[in-house]
Amino acid sequence: MTKDIATPIRTRAILEKYGFSFKKSLGQNFLIDTNVLNRIVDHAELKENSGVIEIGPGIGALTEQLAKRAKKVVAFEIDQRLLPILNETLEPYPHVKVIHSDILKADVNHVIEEEFEGFTDLMVVANLPYYVTTPIIMKLLEDQLPLRGIVVMLQKEVADRIAANPGTKEYGSLSIAIQYYTKAETVMTVPRTVFVPQPNVDSAIIRLTKREKPAAEVQNETFFFEVVRASFAQRRKTILNNLTNNLPRGKELKEQIEQALLQADIQPQRRGETLSIEEFARLSDKLNELM
Ligand code: SAM
């Protein structure tokens, strides 16, 4: 039996055979530790009938472990040089399909319709390219894909911001954007030593479980996110100052903004980072009525 792809010896042999050189610009840090890979897959809680979408299979280290536990895996890889390699390394797994595409440009809903017809359980599992973690996660959520959840490895610092609670320095518009759609938890931190080449930041695995409906009900979602972004524009300023300085016509409507804050039961002198998602929802609805 061939060794797992994610052993240092086999990874080196594959890279040498194809004369592969890493592209830093594509966030290419490959995993060479099967224990870590298995932990990622464990956290996805796959069942025999699960479908998995992977982003950035690299030389197939994680893909292989996913293939051992899922019914089907579809992986999006941007780097054409990896396609012949994946063709060889994933040959023993006919239920894996590699799509040569930038995930940010892909019509993932269409791919799901084509590749996962009849599947009742769908997860995204990936060791993400660190230069685009946030845009990828936001795309997966905003595209409203029929997923149970997302389990991904990313920079620890970003994981901390995603899973942060109100009142902490990590809490901000990214925490709210993601927690609006999902329940977010950091399930494991990972040392740099399990990658080649080693990244210059620490990593973490985060699990996002899709909510049946968003964390708060709002009248106007676009405006809700605008209010959230405005509230964090300058973290040291009060919410009243941030809203007046950063909402369209904010200065002109300062009185109405103050009124909306009070009606939403939020002291105007508080800072954005202390507000829960429910409070932001209440506030954006009041502002929507008064502005
Ligand atoms: N899954 C492999 C592993 O764990 O060893 C490789 C992970 S590596 C951190 C990220 C992978 O994402 C690379 O293979 C890279 O070429 C690919 N990638 C980078 N940007 C991408 C994009 N926009 N769309 C799809 N794949 C991308």
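Atoms within each ligand, like the ligands themselves, are counted from 1 in listed order.
Looking at ligand 1, you'll find an N or O of Gly58 within less than 3.5 Å of one of its N or O atoms. Polar contact with ligand 1: present for Tyr131 (N/O pair, distance under 3.5 Å). When only interatomic distances are considered, the shortest N/O to N/O separation between Ile103 and ligand 1 falls below 3.5 Å. At under 3.5 Å, a nitrogen or oxygen of Gly56, whether backbone or side chain, sits near a nitrogen or oxygen of ligand 1. Of the polar atoms of Asn29, none of the N or O atoms is found under 3.5 Å from an N or O of ligand 1, judged by distance alone. By the 3.5 Å distance cut-off applied to N or O atoms, Leu31 is counted among the residues near ligand 1.
Within ligand 1, the atoms closer than 4.0 Å to a non-hydrogen atom of Asp102 are 22 (C), 23 (N), 24 (N), numbered from 1 in the order shown. With ligand atoms numbered from 1 in the order given, ligand 1 contributes 24 (N), 25 (C) to contacts under 4.0 Å with heavy atoms of Ser101. Taking a cut-off of under 4.0 Å to the non-hydrogen atoms of Glu54, the atoms of ligand 1 that pass are 1 (N). Short contacts between ligand 1 and Gln28, defined as distances under 4.0 Å to a heavy atom of the residue, involve ligand atoms 13 (C), 15 (C), 16 (O). Close contacts of ligand 1 with Phe76, meaning ligand atoms under 4.0 Å from a residue heavy atom, involve 25 (C), 26 (N).
Given atom 4 (O) of ligand 1, the protein heavy atom at minimum distance is Asn127 ND2, 2.9 Å. Closest to atom 19 (C) of ligand 1, if we only count protein heavy atoms, is Leu26 O, 3.1 Å. Of the protein's non-hydrogen atoms, the one nearest atom 10 (C) of ligand 1 is Gly27 O, 3.5 Å. Of the protein's heavy atoms, Pro57 O, 3.3 Å lies nearest to atom 2 (C) of ligand 1. From the protein, the heavy atom lying nearest to atom 16 (O) of ligand 1 is Glu77 OE2, 2.6 Å.
Applying the 6.0 Å contact sphere to CD of Glu91 captures no more than 12 heavy atoms from other residues, nucleotides or ligands. The number of heavy atoms from other shown groups lying within 6.0 Å of CZ (Arg39) does not exceed 12.
Within the structure, ligand 1 has Leu128 among the residues with a heavy atom less than 4.0 angstrom away.
Between Phe223 and Phe225, the ring center distance fails the sub-6.0 Å criterion.
Nearest heavy atoms, Ser203 versus Tyr130: OG-OH, 2.7 Å. Closest heavy-atom contact between Pro84 and Arg81: CD-O, 3.6 Å.
The residue among Ile78, Val196, Thr133, Leu104 with a heavy atom at the shortest distance from atom 27 (C) of ligand 1 is Ile78.
Side-chain contact of Thr34 with Gln65: a donor-acceptor pair under 3.5 Å is absent, judged by distance alone. Checking Asp121 against Ser50 by side-chain atom types alone, a donor-acceptor pair falls below 3.5 Å. In the model, Gln28 has a side-chain atom that pairs as donor or acceptor with a side-chain atom of Asp79 under 3.5 Å.
Of the possible donor and acceptor atoms, none in the side chain of Arg249 sits under 3.5 Å from a partner among the backbone N and O of Thr244.
Annotation: side-chain hydrogen bond (donor to acceptor under 3.5 Å, both in side chains) contacts involving residues 163-182, sequence neighbours excluded, comprise Tyr180-Glu221.
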Please assess Glu64 against Thr89 for the test side chain to side chain donor-acceptor pair (under 3.5 Å), listing each intermediate value before the final yes or no.
CA-CA 8 Å; Glu64 175 180 54; Thr89 57; over 6 Å; no
